[in-house]
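All of these numbers come straight from a predicted model, not from anything done at the bench.
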Amino acid sequence: MPELPEVESAVARLRQATVGKTIVAARVLHPALQRRLSQRKAGTLRGARVVSVTRRGKHQLLALDDGRTVHAHFRMTGDWTIDHVDDPLPRFARASLSFDDGTRVVLDDPRALSTLEVHAKNANVDLGLGPEPDDPALTADALKAALERKRGPIKPVLLDQRVIAGLGNIYAAEALWHARISPAAPAASLPQKRIAALLRAIRKVIARATGARYTDDDVSKLAVYDREGLPCRRCGTPIERVVQAGRSTYFCPTCQAD
DNA sequence: CGTATCCTGACC
DNA sequence: GGTCAGGATACG
């Protein structure tokens, strides 16, 4: 269930469950996943110890004591189920890592779009990511420079992970609503002041979601996402839904007029 | 830039 | 049976 705040929470659980422990078995359980990571290669993880678990954008990186890195990405519907080696596998188990203390970490993903890879020691892994939303180097000027290089409407540009790492479909729409910017506004010509407002809004929506679990209660607090036809929380105008670059965009046609 | 594609389930 | 889904990428 991943946008950046959900990945952040997944990383915290993964870290808690695995750091300092040694892998005793690794299984790749779904053919689509096996195309990226063969069972043979996964098997080489046996005996390696997890040194650290970190997040970059929506990517999760497990550093191993032998220098290799396990690299996971949830895409649309992935999540970790953390259980015990003796438990029955979850219904949508796609891969699993078992540890020397009996802990098992299961990649649980109904759509099986998640990815899992193992990178060699010293491998140059380019995740293709821009700055994190909370990166102090991400100033309004820096964001303006990045946006000026892009063509097309702002909303799809915000989903480009090279612009800002970790922003997804929900929080892109939420941030635009808070900043009162139309999702169709050309990214390249947004004025400085509006970009500054957008950056503040991005930080606000991400910060508010981080730490909180992604509960129904949180969803009900969203300003525009999945609220087509419902009144704008600011002006009462019905929220509209359009499709941009194949993704749903929700916005208020009154508050976000340009 | 938009579109199709990877997958599978939920819902109309 | 069609549409949609919180992501990313290859392609035209």
Would you say the side chains of A:D83 and A:T81 form a donor-acceptor pair under 3.5 Å?
no
Could you check whether A:S98 and A:R27, counting side-chain N and O atoms only, form a donor-acceptor pair closer than 3.5 Å?
no
Is any side-chain nitrogen or oxygen of [X] closer than 4.0 Å to OP1 or OP2 of [N]?
| X | N | value |
| --- | --- | --- |
| A:R75 | C:dG6 | no |
| A:Y171 | C:dG6 | no |
| A:K58 | C:dG6 | no |
| A:H73 | C:dG7 | no |

Output a table of donor-acceptor pairs, distance under 3.5 Å, between side-chain atoms of residues 118-125 of chain A and any protein atom two or more places apart or on a different chain; print 'none' if there are none.
from, atom 1, to, atom 2, distance (Å)
A:H119, NE2, A:H71, ND1, 2.8

Under 3.5 Å between N/O atoms: give me all the protein pairs with nucleotides 1-3 of chain B, atom names plus distance.
from, atom 1, to, atom 2, distance (Å)
B:dC1, OP2, A:R151, O, 2.9

Cut-off 3.5 Å, no hydrogens considered: what does the side-chain donor-acceptor table look like for residues 175-187 of chain A, sequence neighbours left out?
from, atom 1, to, atom 2, distance (Å)
A:S182, OG, A:A184, N, 3.0

To the nearest Å, give me how far apart [atom1] ([X]) and [atom2] ([N]) are.
| X | N | atom1 | atom2 | result |
| --- | --- | --- | --- | --- |
| A:D109 | C:dG6 | CG | P | 14 Å |
| A:R247 | B:dT5 | CZ | P | 17 Å |
| A:L158 | C:dG6 | CG | C1' | 15 Å |
| A:Y250 | C:dA5 | OH | P | 5 Å |
| A:M76 | C:dA5 | CE | P | 8 Å |
| A:E174 | C:dG6 | CD | P | 13 Å |
| A:R162 | C:dA8 | CZ | C1' | 11 Å |
| A:F74 | B:dC6 | CZ | C1' | 18 Å |

For [X] and [Y], indicate whether the former's side chain and the latter's backbone hold a donor-acceptor pair under 3.5 Å.
| X | Y | answer |
| --- | --- | --- |
| A:R75 | A:T115 | no |
| A:E3 | A:I170 | yes |
| A:Q60 | A:V7 | no |
| A:R227 | A:F251 | no |

Give one of base, sugar-phosphate or nothing for A:S248, where a contact means two heavy atoms less than 4.0 Å apart.
sugar-phosphate
Wobble G-U and Watson-Crick pairs count when both distances are under 3.5 Å; given that, what is the 5' to 3' dot-bracket string of DNA chain C, with | for pairing to other strands?
|||||.||||||
Given the C1' atoms of C:dG6 and B:dC1, what is the spacing between them in whole Å?
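Rounded to whole Å, the distance is 23 Å.
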Contact check, side chains of A:T77 and A:L113, non-hydrogen atoms, under 4.5 Å:
no
Check the surroundings of atom CZ in A:R46: do more than 12 heavy atoms from other residues, nucleotides or ligands lie under 6.0 Å from it?
no
Count the heavy atoms of every other residue, nucleotide or ligand shown that sit under 6.0 Å from CD of A:Q39, and state whether that count exceeds 12.
yes
Close N/O contacts between protein and nucleotides 8-12 of chain B (under 3.5 Å):
from, atom 1, to, atom 2, distance (Å)
B:dT8, OP1, A:H30, NE2, 3.1
B:dT8, O4', A:P110, O, 3.4

Applying ring pair (Phe, Tyr, Trp, His ring centres under 6.0 Å), which residue pairs with at least one partner in residues 24-50 of chain A are found, sequence neighbours left out?
none
